[in-house]
Protein chains: 2
Amino acid sequence: MNEQRYNAIIADDHAIVRAGLKDALEKPGLIEPDGICVLAEAGDGLSAIAEVRKHRPDLLLLDVSMPMAGGVEVLVEARRWSKETRVVVLTGISAVGLVSDLVEAGVDGLFSKASDNSEFYRKLPGILRGQRHISEHFQKILEETPRPPVLTDRERQTLNMILSGRSNKEIAEGFGISIKTVDKHRTSLMQKLKVHSVPQLIARALKEGLIDPSKEL
Amino acid sequence: MNEQRYNAIIADDHAIVRAGLKDALEKPGLIEPDGICVLAEAGDGLSAIAEVRKHRPDLLLLDVSMPMAGGVEVLVEARRWSKETRVVVLTGISAVGLVSDLVEAGVDGLFSKASDNSEFYRKLPGILRGQRHISEHFQKILEETPRPPVLTDRERQTLNMILSGRSNKEIAEGFGISIKTVDKHRTSLMQKLKVHSVPQLIARALKEGLIDPSKEL
DNA sequence: TGCAGACTGGGGGATCTGCCCCATGGTGCC
DNA sequence: GGCACCATGGGGCAGATCCCCCAGTCTGCA
């Protein structure tokens with residue numbers, strides 16, 4: 001079983017988090033008897049993908065909110081280039097949409113940044129050997145929270161335009177379609193999300209994590 | 001100079017960040033020759049204040065986005081109970097409003113979570129001995145970014161209502177004033193923020209950090 | 001082959017917004 | 001006292017919204 005040390009890549013936009021994770025992974029006896037070798041670190045989604053392509057590591061430790069590319073995108077891209085890499089996501093966000101997206105995309109491990117680290121330390125060895133573990137915190141969310149409505153492509157695009165402050169007319173010009181069509185998409189959105197105005201739509205979208213709030217900040 | 005080891009309290013809502021910071025502070029030679037003694041950790045603003053009252057540490061290492069109470073509130077409360085405690089804030093948010101609030105509240109150190117840790121490690125000893133250091137990244141923001149306009153009380157209240165999805169009519173009913181007055185406040189807000197619609201207003205407010213996005217999530 | 005669903009587009013109308021006009025009080029400041 | 005500023009409230013109006021109605025095309029699926 002111990003024919004070699006496992007190796008890993010850490011991706012998080014905060015240097016302090018990377019340092020903490022690196023320490024924990026490398027420390028002999030904490031997770032693995034000999035520690036886990038950290039091959040590289042990445043501060044944004046694109047370089048995370050690049051590092052995975054280069055090193056094809058046993059493990060990719062991933063944050064969801066990163067510049068350039070976020071959780072799910074990085075996950076599927078990493079899988080494309082390195083099928084054997086186990087992908088474990090650490091996140092501070094508990095929005096249902098994000099969590100279910102990650103689980104459906106086939107993430108191997110999902111842990112909350114807020115909760116205690118011990119669960120993460122305990123489960124990681126099993127994940128490296130092929131098991132899968134979704135933190136109880138997220139399992140509860142997936143069970144309890146009603147699945148948010150499925151948005152079509154155009155609806156999602158429209159929603160993002162609305163969230164960045166565009167009016168119907170501007171969106172119509174941007175997409176090269178009629179105002180009435182944009183109006184239709186917006187109306188469908190509001191029906192699905194059970195709101196009755198743009199301000200409510202925005203408030204709801206932010207709370208549900210239907211869009212990526214990181215890129216705004 | 002080395003009559004005793006410095007001690008500190010760490011406040012951050014993410015256990016991994018706390019672990020990383022604890023490691024760095026305690027490691028002899030990295031920041032202090034003998035390391036810094038971590039007296040306690042806190043996962044939210046209220047317990048952070050409680051721990052400061054109990055231990056009156058030399059240093060409070062603080063995150064801005066925490067449950068129960070955020071950066072500036074914790075800072076001023078900590079000062080009230082322990083005037084000698086040096087308060088150093090680590091943040092991932094670069095919104096001008098937040099940064100200038102912290103600086104004006106008299107924070108002793110301000111560093112970005114995203115940037116390299118070495119600056120933090122290098123400057124902390126000086127801060128413990130009475131110096132003050134605002135990361136260049138934030139200094140640049142303070143200089144370059146025009147100070148966001150000063151909002152009146154009613155304007156700020158109105159803004160928060162708008163951001164939580166209320167219409168003019170709902171806000172008027174909530175405040176017990178006329179729709180026209182709400183309209184007036186909203187119009188003033190939009191003039192000050194140089195936008196021309198509620199969606200733009202929300203997008204701008206989120207980007208500028210004029211309001212607290214943490215309580216939404 | 002049909003059929004559901006997404007995307008497209010238009011008509012119409014009640015309502016709300018965005019922004020101009022106006023006026024009345026209160027407060028703080030020189 | 002005058003002046004600036006805030007908060008209050010009203011009239012009015014062009015334009016945008018919210019939400020009905022309608023219909024065509026195209027794609028994927030049973």
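What's counted below: heavy atoms across the whole structure, side chains too, no hydrogens, waters or symmetry copies. Numbers restart at 1 for each chain; the letters A, B, ... are given by sequence-line order, proteins then strands.
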Review point. Taking OP1 and OP2 of D/dG10, is either one under 4.0 Å from a side-chain nitrogen or oxygen of B/Ser178?
Key: yes
**Study point:** side-chain N/O A/Ser167 vs D/dA16 OP1/OP2, d < 4.0 Å
**Key:** no
Check your understanding: Do A/Phe120 and A/Leu61 have side-chain heavy atoms sitting under 4.5 Å apart?
Key -> yes
Any donor-acceptor pair under 3.5 Å linking the side-chain atoms of [Y] with those of [X]?
{"X": "B/His185", "Y": "B/Gln157", "answer": "no"}
{"X": "A/His133", "Y": "A/Glu119", "answer": "yes"}
{"X": "B/Arg156", "Y": "B/Thr158", "answer": "no"}
{"X": "A/Ser188", "Y": "A/Arg186", "answer": "no"}

Whole angstrom is fine here: how far is it from [atom1] in [X] over to [atom2] in [N]?
{"X": "B/Ile177", "N": "D/dC6", "atom1": "CD1", "atom2": "C1'", "result": "12 Å"}
{"X": "A/Leu193", "N": "D/dC18", "atom1": "CG", "atom2": "P", "result": "13 Å"}
{"X": "B/Arg156", "N": "D/dC6", "atom1": "CZ", "atom2": "P", "result": "13 Å"}
{"X": "B/Gln157", "N": "D/dC6", "atom1": "CD", "atom2": "P", "result": "14 Å"}
{"X": "B/Lys169", "N": "D/dC18", "atom1": "NZ", "atom2": "P", "result": "14 Å"}
{"X": "A/Ile179", "N": "D/dC19", "atom1": "CD1", "atom2": "C1'", "result": "16 Å"}
{"X": "B/Phe175", "N": "D/dG9", "atom1": "CZ", "atom2": "P", "result": "12 Å"}
{"X": "A/Gln191", "N": "D/dC18", "atom1": "CD", "atom2": "C1'", "result": "10 Å"}

Exercise for review: Walking along DNA chain C from 5' to 3', note the first and the last nucleotide with an atom under 4.0 Å from a heavy atom of chain B, and give both.
Suggested key: C/dC16 to C/dC20
Review point. So, A/Lys113 and B/Asp12, do they make that salt bridge, N to O below 4.0 Å?
Key: no
Exercise for review: Could you tell me whether A/Arg53 and A/Glu77 make a salt bridge, using a distance below 4.0 angstrom between a side-chain N and a carboxylate O?
Suggested key: no
Review point. When we call it a touch if two heavy atoms are under 4.0 Å apart, what does A/Asp153 touch: a base, just sugar-phosphate, or nothing?
Key: sugar-phosphate
Practice item. Would you classify A/Thr181 as touching base, sugar-phosphate or nothing, given that sugar-phosphate means primed atoms plus P, OP1 and OP2, and contacts are heavy atoms under 4.0 Å? Key: base
Check [X] against [Y] and note the closest heavy-atom contact, atom names and distance.
{"X": "A/Thr85", "Y": "A/Asp108", "answer": "O-OD2, 4.0 Å"}
{"X": "A/Val38", "Y": "A/Lys22", "answer": "CG2-CG, 3.9 Å"}
{"X": "B/Asp63", "Y": "B/Leu90", "answer": "OD1-O, 3.2 Å"}

Practice item. Specify the residue among A/Asn168 and B/Lys180 whose closest nucleotide of DNA chain D lies further upstream toward the 5′ end. Key: B/Lys180
Point to revise | Heavy-atom neighbours of A/Gln131 CD exceed 12 at 6.0 Å | key: no
Any protein N or O atoms within reach of nucleotides 21-24 of chain D? Criterion: under 3.5 Å, listing atom names and distances.
none

Point to revise | Bending between helix ends of the helix from C/dT1-D/dA30 to C/dC30-D/dG1 [5 pairs per end, 10° resolution] | key: 40°
**Study point:** Within 45° cone and under 6.0 Å: A/Arg129 NZ/CZ vs A/Tyr6 ring
**Key:** no
